[in-house]
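In what follows, a structure is listed as structure tokens, so that the remarks can point back to it.
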Amino acid sequence: MPIDNDRKATVFNSPIPSGLIFLIWLLIVMVWSGQSYPRKSYSEFIQQVESGQVVKATIDNQEIQYELKSAPVAKSKSTEAKNIFVTRRLAEDPELAQILRAHQVEYSVPAPSPLSGVWSILSWFIFPLLLLSLWSRFSGAERQGGMGILGMGKSKARTYTAGDTGVTFDDVAGVDEAKAELQEIVDFLKHADKYVNLGAKIPKGVLLVGPPGTGKTLLAKAIAGEAGVPFFSISGSEFIEMFVGVGAARVRGLFDQAKQQAPCIVFIDELDALGKSRSSANSPMGGNDEREQTLNQLLSEMDGFAANTGVILLSATNRPEVLDPALLRPGRFDRQIVVDRPDKSGRQAILVVHARNVKMSADVDLLKLAARTPGFAGADLANLVNEAALLAARHDREAVTMSDFEEAIERILTGLEKKSRVLNEMEKETVAYHEVGHAIVGSLMPGSGSIEKISIVPRGVAALGYTLQLPQEDRFLMVEDELRGQIAMLLGGRSAEELIMGKVSTGASDDIQKATDLADRYVTIYGMSKQLGPMAFDRSASQFLGGWGNPRRPLSPEVESEIDREVKHLIDNAHHIAGAILAHNQQLLKEVAQVLLEREILDGQKLHDYLGRVNVPPLLTTWLQTGEISILVPRGSANDPRTVEIGKIFNSQHLQENSQQ
């Protein structure tokens with residue numbers, strides 16, 4: 001288990017509790033202050049003396065306490081107390097004694113108390129001692145090797161004792177290549193002499209790169225668990241503070257601790273927060289001073305190691321493209337290990353690891369689950385097993401069944417089922433035709449996988465229905481006809497609404513967004529446009545985080561217009577071919593939609609039987625091969641008959657009106 005460095009530091013607090021010191025100081029102040037009386041000005045005091053109202057006075061070094069004559073009424077303690085006043089004496093007033101004698105005022109000087117000097121000294125020393133005690137409490141961590149005010153320069157790394165991370169390579173699955181690479185690190189930590197005798201040097205830094213959730217941090221902990229050495233873990237963001245120099249001090253403190261416990265492993269997670277490139281397009285002279293100083297200190301520590309000190313630095317990031325080149329050069333992070341999403345066999349192995357402590361029924365097939373979860377990372381699969389177990393517990397089952405896993409997959413992919421969201425008849429009918437349109441078009445597209453389920457039960461934030469399509473195998477490349485087929489399937493829902501309802505709804509907005517993004521990548525990134533050729537017009541996206549919001553390269557207005565025309569041409573053709581498929585299978589579309597309206601969910605063999613009856617329209621093969629619906633006249637010509645042909649296929653007055661326009 002981790003050692004709490006901050007908790008250990010509290011041992012070095014002041015031996016006297018701060019609360020006790022404060023109470024003593026407060027008591028001294030109260031005793032020293034004594035009883036308080038009303039205060040008068042010095043001139044008013046002199047006036048009262050001259051008018052014969054003062055009976056006696058006690059003169060101190062700084063104050064004069066005097067008593068007035070009492071009124072001729074019954075006296076009480078409260079009344080007498082009200083006749084005593086205090087005034088501040090002047091530093092130099094030689095006539096005061098004469099005035100008091102002249103008006104027969106009894107005056108005296110109090111004898112000094114034997115404890116007054118002690119109380120005075122204590123009152124001056126107790127409060128500084130209190131501040132010192134508080135300072136010691138907050139900055140005691142500095143005595144553990146930290147630097148800076150209140151321990152801000154102290155390393156915040158969590159320390160695990162030798163082999164106490166609780167993780168070994170048996171707990172890591174699906175990344176066999178990365179495990180094999182890291183076995184060398186473990187062997188070096190166990191048998192360092194073998195490498196030293198041969199003159200070999202273990203890599204000073206090992207960088208684990210890969211998408212989120214693939215097990216990079218888990219691998220680092222497994223290395224420490226296997227090697228049985230101390231393990232220091234810290235996030236890259238914990239080095240960066242508001243004050244310049246704190247991050248660099250923390251780097252020094254971390255490596256000083258590591259050298260004292262060598263051999264050991266230092267693990268820095270999310271390295272991109274610390275090691276981002278110092279060059280920036282927006283700032284040619286550099287970026288954040290604190291981050292740069294921290295990075296410079298890290299570079300110095302890594303390159304300044306004595307050979308074979310036994311300190312190995314591991315780091316993990318999912319943004320290797322933003323790291324500083326000096327950090328990746330040989331001698332620092334000179335080995336990069338990719339921890340990618342697992343394949344089918346890897347997913348099965350991960351499911352086996354996470355299902356060890358889960359009571360499962362005999363019908364659970366982990367191989368089938370691995371086939372149904374392409375693209376899932378290790379964290380996703382762990383979440384899948386946990387969701388299935390929670391669903392089984394919710395239904396009071398004694399074991400987790402295959403149906404629980406299938407429901408968990410749908411929850412992860414499409415969101416939580418919204419039983420409270422009730423659709424009216426018109427909305428349900430629109431959603432039913434929309435989803436069946438996706439399924440019919442998708443069943444004819446190459447490389448799209450199999451349609452496993454159609455549902456008009458609302459799920460997630462905005463999904464009123466969904467078509468669940470699962471690939472039959474892991475794919476790493478896609479050809480152009482498969483991309484066109486994906487666009488056509490995305491537009492199948494809208495085409496079904498146009499064909500049956502005669503008008504479109506807002507339900508296709510997400511489909512249109514995805515289709516437009518895919519068509520734009522088809523032209524600007526993949527270089528599949530015949531008009532523009534193999535050119536990349538967009539800057540490359542993040543390798544592991546995805547996203548396509550990168551700025552486009554500087555282009556001329558003519559090229560931008562041609563890109564827009566190519567994207568529109570691709571979407572128009574996909575829209576037209578989706579409409580042609582549905583028009584060719586219109587009767588089947590209505591039949592399946594009616595069954596879906598009655599049952600709300602359609603899956604299994606019954607769904608496959610319906611989709612097996614889909615007929616292929618004559619234009620589909622040509623469109624998949626060439627991307628063109630008609631090649632009778634040049635594309636973009638005024639006599640381009642594409643929309644006219646599609647209008648005939650639809651046999652719809654709505655589409656004929658559009659073609660005439």
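The CE atom of Met402 sits 10.5 Å away from atom CE of Met360, with the distance rounded to the nearest 0.5 Å. Atoms CG and CZ, from Leu207 and Arg332 in turn, are 14.0 Å apart once rounded to the nearest 0.5 Å. The structure places NZ of Lys190 at 8.0 Å from CD of Gln183, a figure rounded to the nearest 0.5 Å.
In this structure a side-chain-to-backbone donor-acceptor pair under 3.5 Å is present from Arg347 to Thr373. In terms of modelled atom types and a separation under 3.5 Å, the side chain of Ser300 and the main chain of Asn296 share no donor-acceptor contact. Side-chain atoms of Arg341 never come within 3.5 Å of backbone atoms of Pro211 as a donor-acceptor pair (strictly under, hydrogens ignored).
In this pair, Phe267 and Phe231 present their aromatic rings parallel. The plane angle is below 30°, not in the 30 to 60° band.
The pair Arg394-Glu407 fails the salt-bridge criterion, with no side-chain N (NZ, NE, NH1 or NH2) lying under 4.0 Å from an Asp/Glu carboxylate O. Using a 4.0 Å cut-off between charged nitrogen and carboxylate oxygen, Asp510 and Lys514 count as a salt-bridge pair. A salt bridge links Arg335 and Glu181; the closest N-O separation between the charged side-chain nitrogens and carboxylate oxygens is under 4.0 Å.
Legend: residues meeting side chain to side chain contact (heavy atoms under 4.5 Å, CB included) with Leu470, ordered by chain and number and at least two apart, are Arg372, Leu413, Glu452, Leu468. Here Asn386 pairs with Leu390 under the side chain to side chain contact (heavy atoms under 4.5 Å, CB included) rule; sequence neighbours left out. Applying the side chain to side chain contact (heavy atoms under 4.5 Å, CB included) test to Glu270 and every residue at least two apart in sequence or in another chain returns Ser235, Asp272, Asn318. Partners of Ala248 under the side chain to side chain contact (heavy atoms under 4.5 Å, CB included) rule, at least two apart in sequence or in another chain, are Arg252, Gln297. When the side-chain hydrogen bond (donor to acceptor under 3.5 Å, both in side chains) test is applied to Lys368, no partner is found at least two apart in sequence or on another chain. By the side-chain hydrogen bond (donor to acceptor under 3.5 Å, both in side chains) test, Thr467 pairs with Glu435, sequence neighbours left out.
Residues Val311 and Cys264 are in side-chain contact: their nearest non-hydrogen atoms beyond the backbone lie under 4.5 Å apart. Annotation: side chain of Leu323 is not in contact with side chain of Phe333 (no heavy-atom distance under 4.5 Å). Between Leu369 and Ile409 the shortest side-chain heavy-atom distance falls below 4.5 Å.
A side-chain donor-acceptor contact under 3.5 Å links Gln513 and Asp517.
Each of Ile223, Val229, Ile185 was checked for a side-chain contact (heavy atoms from CB on, under 4.5 Å) with Ile312, and the lone residue meeting it is Ile185. With respect to Phe537, the side-chain contact (heavy atoms from CB on, under 4.5 Å) criterion is satisfied by exactly one of Asp520, Ile525, Val559: Val559.
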